[in-house]
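Heads up: the structure comes next, in C-alpha cells.
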Amino acid sequence: MTREIAVVAFAQTDHRRTTEELSEVEMLMPVLHDVLDQTGLKTADIDFTCSGSSDYLAGRAFSFTLALDGVGAWPPISESHVEMDGAWALYEAWTKLLTGDADTALVYAYGKSSPGSVRDVLTRQLDPYYVAPLWPDSVALAALQAQALIDAGHTDEPELAAVASRSRADATANSHAQLRGSIPQGDYLVRPLRTGDCPPIGDGAAAVILAAGERARELCTRPAWIRGIDHRIEAHSLGVRDLTDSPSTRLAAEKAGAFERPVDTAELHAPFTSQEVVLRKALGLDDTVRVNPSGGALAANPMMAAGLIRIGEAAARIHRAESDRALAHATSGPCLQQNLVAVLEGDPR
Amino acid sequence: MPEVLKAPLVVEFPFTRSLGPVQSAFLTGLRERVVLGVKTTDGRTLVPPVEYDPVTAEEIRDLVEVAPTGTVTTWAWNHAPRRGQPLDTPFAWVLVRMDGADTALLHALDAPGPDAVHTGMRVRVRWAEERSGAITDIACFEPYDGDPAEPTGHSGEFEAPITGIVAPARLDYTYSPGRAQTAYINALSARRAVGERCPSCRKVYVPPRGACPTCGVATSEQVEVGPRGTVTTFCIVNIKAKNLDIEVPYVYAHIALDGADLAQHGRIGGIPYDQVRMGLRVEPVWTEGARFPDHYRPTGEPDAEYDTYKELL
C-alpha cells in the first residue's frame, strides 16, 4: 500500500421520519452540493463516483440510476454502485484510489425508509430457504441477540437503557440527528428490547469525498487519513453464530490496524443498544475512548447511509482537530452479520 | 407548495428457488416429519443443515437424523405478530438446538406469555397439518417436559424429494413521486405537459425529475411544452403484450414535444404503421377521464427538418 488516501469532506442531510415531499434525488442533491462546495470541486473534477443504496427500501426499481441525476453524470463519468451501506461504496472507492486510476472520489449513500415498513423489508435480505419464509423482522432478530447477551451476563436492561440515553444526550450537539435529548425508554417492542433500545426509522443521505496524497492536503487543512480499512462477515446462519460476540468485527479491526495503537474516538454503527455492547467487547474499547459523540445510529439511522455517516463523523472530528486517531465501524445484515472497520488519523498537531 | 401526490404501491413476487441436495433432504424431511442435520468434517451436526461447512467451506453431504425435541438457546417475546410470521397470537421467537444438534434453528414458540419462556427450556416441534416441504411445515415449537425423543435413524432418502420452493413475498409501500413529478402529474391531469428548465444549461426536461442530469443541479422553473411534437425515432411492435388491448403491429415512438429538450415515448395511431417516419409531426389524443394521452396522431403539418430534432435523438 503506497498511496495515502484521506476523507477530505463529509456532509449529511437532517435525518427525518419522512421526506415524502422529496424524491430520492431531490433529497440527495443538497448533500452532494455541500460536500463538493467544501472542497471547491465540481463534478467534472471527480475521478470516480460510488454510491450505496437499496431499491427495496422505497420499492423503486433502479432508483440509484435516477439518483445519479443529482451528480450530473453527463458527459459520462466513471461510476459504480453497491446495493450495500455507503461504507462499502467508500471501500470500493478507496480501492480504486489505491490503484492510482483516480485521485479523487465522491462517495454517497441514501435511504428512504418512510415509504415502506423497514422491519418487514429487511426480512427479504435473510436466508430465503429457512428464515425469510418466517418473516422475522429486524427488531426480533436484534432482540434474540440482546437476550443472549443478558443470559450470558454481558449486559442487563439498565445498562442498555444507559447506552440509549447517553446516545440521545450526545446527539443534542448534532443538529442532523433525528432523536435528541431525553427520550423515554418506552415499552417493549420485542422483549427484551424497548422502543428506546431501537434506532429511529427515517430518511436521509450522506456523502464524503476521498482524495489521495498531496491532492488531499490541497483540499482539506487536516485530512483524515485512512490508515487501514477492512470488512469481514459472519457465518450465514444465525444459529451457527455466537451472537454475544463479533469475531468478524475483531478481525476487520485487526486487519485495519486498529489494535496497533489506541484510538481516542470510535464511531460504532450499532443500531440497537445491545449491539454497542457486542462491539465494545469485540474491539476492546475502554472508558478512555469517546464512543459515538454524534449520537450514533440510535440518534439517526438512515438505512444504507448510517455506516458511511460513522466514517464521515469520525473524519469530521479529525478535520476539526477534536480527534487524532479514530475508529469507524459500519455494519450490515441481521445481528451484526457483516462488519467494516476503518482507522483514521490526522497529521500531528 | 401543493401537497405531493401519494399512492399505495404493492410489490409482490413469488421467488422460485431450486434446492441443493442437503436443503432438499431437510425440507422433504420436514414434509415427512423427520428433522435432518448434516455432519461437518470435524464431527459437528448442523441443524438446519447447509450445503457447505460454514467454517471450512467444504462440501458436506453426510445427513443425520436428529430429534424433534430441543432446547431454547435464546428467545425474544413478540407481543404483536406481523404479517407472514408463524403465529398470529403473541409468541416467542426462539433459537432451538435440537437434541442431537450442535447449532440452533430459528422459529416461533407458542407459549402463554413471556414469563413461561426462558433460555434452556425444553421444547418440541408442533407439525403443521398440511406440509409441503418448507420451513413452515414446522408450525411452531411448543413447551415439552419429556425426555429427548428418539430419532428413527432415517437415512435422508425419501420418495419424491422436493427440488425447489416457491417463496411468495409481498411488501407494501406508499409511493410519493416527490415535488417535481407531482407538479408534472397534476398538470397532466389538466391535459398540459409541464416540464422544468435547468438554471444552468437551460434545457427543459419533460417529465422533470427535479434535477438536471447534465449539470447536477435542481430544476424548478416550470415550462409548458407541446402539445404538439415531433417523432424523433420509433419502433414497430409485433408482439402482443399481455393485458394490453392494442392490435399489433403498432408503432411506439420517441416524441419530442415542442419546447422540450428530452424526448418521451408514446404510441402512434391514426396512421398505418408502415407510414410512420422520423420527423412526423404529432399531437396527443385524450380519452375521457384519462390522466395521460392514449396515443399521438399526425397533425397533418409538413415533417420537421432533421436539424430541428437531431440533438434530441
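Note that these values count all heavy atoms, side chains included, but never hydrogens, waters or copies made by symmetry. Each chain gets a letter, A, B and so on, in the order the sequences are listed, and its residues count up from 1.
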Heavy-atom distances under 4.5 Å only: say whether B/R83 touches chain A with side chain, backbone, both or neither.
-> backbone
Ion pair present between A/D14 and A/R16, side-chain N to carboxylate O less than 4.0 angstrom?
-> no
Give the member of B/T119, B/L5, B/N78, B/L46 that has the highest number of heavy-atom pairs under 4.5 Å with chain A.
-> B/T119
Region of A/V71 that comes under 4.5 Å of a non-hydrogen atom in chain B = backbone
Of the listed residues (A/D137, A/L66, A/L141, A/V25), which shares the most heavy-atom pairs with chain B below a 4.5 Å separation?
-> A/D137
What part of A/L36 lies closer than 4.5 angstrom to a heavy atom of chain B: side chain, backbone, both or neither?
-> neither
Among side-chain atoms of B/K203 and B/T214, is any donor-acceptor pair under 3.5 angstrom?
-> no
Counting a contact as any heavy-atom pair under 4.5 Å apart, which residues of residues 100-107 of chain B contact chain A?
-> B/T103, B/A104, B/L106, B/H107
Heavy-atom proximity to chain B below 4.5 Å, by part of A/I77 = neither
Select one option (side chain, backbone, both, neither) describing which atoms of B/P8 are under 4.5 Å from chain A's heavy atoms.
-> neither
Under a 4.5 Å heavy-atom cut-off, does chain B meet the side chain of A/E20, its backbone, both or neither?
-> both
Heavy-atom contact with chain B under 4.5 Å, split by part of A/L243 = side chain
Interface moiety of A/H236 toward chain B, non-hydrogen atoms closer than 4.5 Å = neither
Cut-off 4.5 Å, heavy atoms of chain A, and the answer for B/V217 is both
A/E24 with B/R209: basic N within carboxylate O range, under 4.0 Å | no
Does a side-chain N-to-carboxylate-O contact under 4.0 Å join B/R122 and B/D99?
-> yes
Portion of B/A108 that has a non-hydrogen atom of chain A nearer than 4.5 angstrom | neither
Can you tell me which residue pairs pass the ring-ring contact (aromatic ring centres under 6.0 Å, His included) test with a partner in residues 80-104 of chain B, sequence neighbours excluded?
-> B/F91-B/W93
Checking B/P177 against chain A: side chain, backbone, both or neither under 4.5 Å from a heavy atom?
-> backbone
Using non-hydrogen atoms only, which part of A/R241 is less than 4.5 Å away from chain B: side chain, backbone, both, or neither?
-> neither
Relative to chain B, which segment of A/A58 carries a heavy atom at a distance below 4.5 Å: side chain, backbone, both, or neither?
-> backbone
Does a side-chain N-to-carboxylate-O contact under 4.0 Å join B/R126 and B/E142?
-> yes
Looking only at A/S114, A/G70, A/A44, A/A235, the option with the highest number of non-hydrogen pairs under 4.5 Å against chain B is A/G70
Counting heavy-atom pairs under 4.5 Å with chain A, the top scorer among B/A218, B/G120, B/A80 is B/A218
